[in-house]
Amino acid sequence: MLPTECKMPDLARLLASSIDRSFLMNQLVGSETRFPEKMLIYRRNFLRLADKVVRDCSDARSAALLIIDKQKTSTLGIADGPAIMNIITNKLEDCIITLRTLFDYLDRIKSDTPGFPIDRLVKRRIEALNDTIMDVRDLIIPRIR
């Protein structure tokens, strides 16, 4: 079944036309001196992966909007629907896998840094999101045993 509406949020404000102007990557600029080396590695990878999640979600959203527009204008070819749906599915799958990796990085950051300042309520919300992402990931990627 092809989508007829898109409820995915527009994340364009987090992206830019080039990587040097990306909001997420700009978070790295000027802050290198405040972190120990191990934290810098975690932080760089965390932000790189966060940027990847946003790009993958944005690509999936763009593909969904394209397929909706093609349906409305009656320009959707026979092969277009499955091809575009494949792009949407692949991008969303990548997004969920990468998001799960981000939660792993957050766990490493919390465990490797004594007294990492995360509010208790924020920690609980992150853990709840983590459980939800794991459930969705497990639906998409069945475990092979």
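Throughout, residue positions are numbered sequentially from 1 according to the sequence presented. Small disclaimer: the values here were computed from a predicted structure and weren't measured.
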Does the side chain of V53 reach to within under 4.5 Å of the side chain of D56, using non-hydrogen atoms?
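V53 does not reach D56 side chain to side chain.
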
May I ask you to test the T4-I68 pair for a side-chain heavy-atom distance under 4.5 Å?
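T4 vs I68: side chains apart.
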
Mind running side-chain contact (heavy atoms from CB on, under 4.5 Å) on S58 and V54 for me, showing each step along the way?
CA-CA 6 Å; S58 293; V54 171; 4.2 Å; yes

Do any N or O atoms from the side chain of [X] and from the backbone of [Y] form a donor-acceptor pair under 3.5 angstrom?
{"X": "D80", "Y": "G77", "result": "yes"}
{"X": "N90", "Y": "N86", "result": "yes"}
{"X": "S74", "Y": "K70", "result": "no"}

Can you tell me how far [atom2] of [Y] sits from [atom1] of [X], rounded to the nearest 0.5 angstrom?
{"X": "L102", "Y": "N45", "atom1": "CG", "atom2": "CG", "result": "10.0 Å"}
{"X": "D51", "Y": "R48", "atom1": "CG", "atom2": "CZ", "result": "10.0 Å"}
{"X": "C6", "Y": "L66", "atom1": "SG", "atom2": "CG", "result": "11.5 Å"}
{"X": "R100", "Y": "C95", "atom1": "CZ", "atom2": "SG", "result": "14.5 Å"}
{"X": "D104", "Y": "F46", "atom1": "CG", "atom2": "CZ", "result": "11.0 Å"}

[X] and [Y]: which non-hydrogen atoms are nearest, and at how many Å?
{"X": "M1", "Y": "M85", "value": "O-CE, 4.1 Å"}
{"X": "A60", "Y": "M8", "value": "CB-CE, 3.9 Å"}
{"X": "K52", "Y": "T98", "value": "NZ-OG1, 3.6 Å"}
{"X": "P82", "Y": "A79", "value": "CD-O, 3.5 Å"}
{"X": "I67", "Y": "P3", "value": "CG2-CG, 3.4 Å"}

State whether R55 and D59 are salt-bridged, where the test is any N-O pair (Lys NZ or Arg NE/NH1/NH2 against Asp/Glu carboxylate O) under 4.0 Å.
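No, no charged N to carboxylate O under 4.0 Å.
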
Between L76 and L2, does a side-chain contact (heavy atoms from CB on, under 4.5 Å) hold up when you go through it step by step?
CA-CA 11 Å; L76 186 66; L2 300 177; 3.5 Å; yes

